Every structure is written in C-alpha cells, then in structure tokens.
Amino acid sequence: MSLTNMRTLLKKARAQGRAVGAFSVSSVDMICGVIAAAEAMNTPVILQVAQVRLPHSPLHVIGPAMLSAARNAAVPVGVHLDHGMTEDCIRQALEIGFTSVMFDGSRLPMEENIARTQAVIRMAEKYGASVEAEIGVVGKTESGQPLTAQCADPEDAVRFVQETGVDALAVAIGNAHGVYEGTPELRFDVLESMQGRCGGCALVLHGGTGITPQNFRRAISLGMHKINIATASFMAVHRAAQGAEDYFDMSARMRAAAQAVAMEHINIFGKEAFA
Ligand code: 13P
C-alpha cells in the first residue's frame, strides 16, 4: 500500500479497464483533499506537480509533503513530476523520491525528443522511477500559454514507444490544458489507430478539465490509463476560498473542494477492484 510506482498503478488500471486520476496539487490543503478522496473511494491516485508551478510551491517543500502523504495513505499513491522541462528539475524530483517523472519534449523535433527521453529513462532507472513522455502538441501549455494544437501521428507514437520503452506516453488528440473554448473535439480515430501497437505503454490524457464523462470513458477504452486534472481543482479550490470566515475555515473549504473534484473524477475513471 501507500507510495507506489506509476508503472504498477497503470498496469493494474489497464488490466481493470480504468484510468488512474493524476491530480495536480500546490498546497497541503490540496494534497490532503486528494488523499481523502482516494481513501474514501478506496482507489489509487497520483499526486502531481508541474515544473511551471514550482515558483508557487517549491519542489523541496511540496515534494516531501506529497511523499509523506502518499506513504501514510491507506491506498496506493504515486508521486509524479508533471511536465518536467529540464533535466535538473527532473533529477531533483528523483532525488527527493518521486516515483515517476514526465519529460515533456513535445515541442522538440522527434529525434531530439526520443534521445532526451532515453536519457531521462536512464536517469530514472537508477531511482527505480517510471517515466512519462509526450508527443504531438496539446493546445495551451500547463500555465495557459496558447499553442496551436497538433494531433500526434500514430506512427510516431509506435516508433517512440519502441525506441524508448517509456512507461507512459501523453498523446495529443485535440485536447488542451485549461478551460476549453467550446466543446473539445477529441480525435478518437487517432487513438483507434494506435490500439494494440504500443506494447505495455499506457497512454495519458492531459487537459482533463472540461472533458465529458462519456469522452473520458471512450478514451479509457482506447488505452488512456492516466488522466490529468488540474484546472478543475484549482478553480474549485479558489471558488471555495471565497467568503471564508478566517484562514482555518478557508483551509477546510479548500481541502473539501479538492476532495470533491477528485472524487467526482474517480467515479468516472473507475474504482480499483482489489484482489
Ligand atoms: P487541465 O488543467 O486541463 O485539467 O489539465 C491538466 C493537465 O493535463 C496537467 O498536465
């Protein structure tokens, strides 16, 4: 139980036809809220923090808090660095004890993305940690900077997995971080043409906020076994803080909001069937 490698979590989710919710956190309130949700639903989760958020939540402070919460949880919990952009930051997360790291080379030429992912995998192996990579372009960065979305090419996905042996691969299928303008049009045909061709690698759906329950289920049925949720939690926590009577009331409201968002998504992504 408790602190568990992402590889193990995703393998089990895949076998059970569900996805593991990866929830972005930036404070103790959010960490405790997500863990409370996982325990209430008796289902594993991943706690994650993106490199771009570290100016708000320094890695040497939030990282140990995430790990301690995971170790003390009543259910398996992974601790993940989301959108790692530099090798230095990735190494720091591994040194602290993160069980997985993402190297986001999606804006690099394919050859360079493959080579740098391979180097991150070699680094992570020494720590027993798993690695997530990304191909295609997800519309908008994690911090809201606009990007022109570009669907991943299924042939690139197959090649990327074969050449790197990466544990998890985020593939852009028309998804975007942040709040969608209009209804997201996800390219399930792209996922269909990858089906059964990516070996043991789990696909990852970024930009979970605003995707319908029906589309989440369809994405899971087509191989997406890690789903990232950030904006929905940050917005709910921010809303919940309004009108609080004092700091402690605000903290309790923020924790409850993070828990509610995580529970709502775990309900859609599927609950663990413990053997
Ligand atoms: P949202 O902010 O759209 O939920 O996306 C989260 C995400 O993909 C983090 O990497």
Side-chain angles (χ1 to χ4, degrees), residues 6 10 19-27 30-31 33-34 37 45-54 56-57 59 62 66 78-86 89-90 93 98 100-107 130-147 149-152 166-186 191 202-213 215-216 219-220 224-239 257-258 260-269:
M6 182 174 79
L10 298 187
V20 180
F23 298 97
S24 297
V25 291
S26 65
S27 68
M30 292 186 81
I31 294 172
V34 173
V45 289
I46 293 171
L47 291 175
Q48 64 183 18
V49 64
Q51 182 171 346
V52 73
R53 299 298 179 201
L54 298 179
H56 297 271
S57 317
L59 192 54
I62 191 125
M66 291 160 76
V79 174
H80 179 74
L81 177 71
D82 189 28
H83 292 285
M85 309 303 287
T86 63
C89 182
I90 290 173
F98 277 39
S100 54
V101 289
M102 175 183 190
F103 170 66
D104 180 357
S106 59
R107 279 174 270 165
S130 335
V131 175
E132 175 182 337
E134 178 168 323
I135 60 163
V137 181
V138 171
K140 275 198 207 156
T141 63
E142 167 69 20
S143 58
Q145 183 195 330
L147 288 176
Q150 194 186 313
C151 263
V166 75
D167 300 292
L169 184 64
V171 286
I173 57 162
N175 44 322
H177 293 110
V179 177
Y180 287 95
E181 288 152 21
T183 313
E185 299 275 343
L186 300 184
L191 285 183
L203 301 181
V204 183
L205 181 61
H206 281 242
T209 299
I211 292 179
T212 63
N215 280 347
F216 275 135
I220 295 168
M224 288 191 146
H225 297 294
K226 173 175 180 277
I227 302 182
N228 290 3
I229 304 293
T231 303
S233 307
F234 290 124
M235 286 187 349
V237 166
H238 179 227
R239 249 192 330 268
V261 170
M263 285 177 69
E264 182 194 317
H265 286 92
I266 293 169
N267 248 326
I268 302 166
F269 301 163

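Start at 1 and go down the list; that is how both ligands and their atoms are numbered. Just so it is clear, the structure is predicted and the values come from calculations on it, not from any experiment. The basis for the numbers below is simple: all heavy atoms, side chains too, and nothing from hydrogens, waters or symmetry mates.
Take His177 and apply the ring-ring contact (aromatic ring centres under 6.0 Å, His included) test, not counting sequence neighbours, and it matches His83, His206.
Side-chain contact between Phe98 and Ile90 is absent, with no heavy-atom pair separated by less than 4.5 Å. Ser26 has its side chain out of reach of His56: every pair of non-hydrogen atoms, C-beta onward, lies at least 4.5 Å apart. The closest side-chain heavy-atom distance from Tyr180 to Thr209 is not below 4.5 Å. You'll find the side chain of His265 reaches within 4.5 Å of the side chain of Phe23, heavy atoms only.
Listed by chain and residue number, the protein contacts of ligand 1 are Asp82, His83, Glu142, Ala176, His177, Gly178, His206, Gly207, Gly208, Thr209, Asn228, Ile229, Ala230, Thr231 (heavy atom within 4.0 angstrom).
Evaluated for a side chain to side chain contact (heavy atoms under 4.5 Å, CB included) with Lys226, the options Leu205, Leu169, Val204 yield exactly one hit, Val204.
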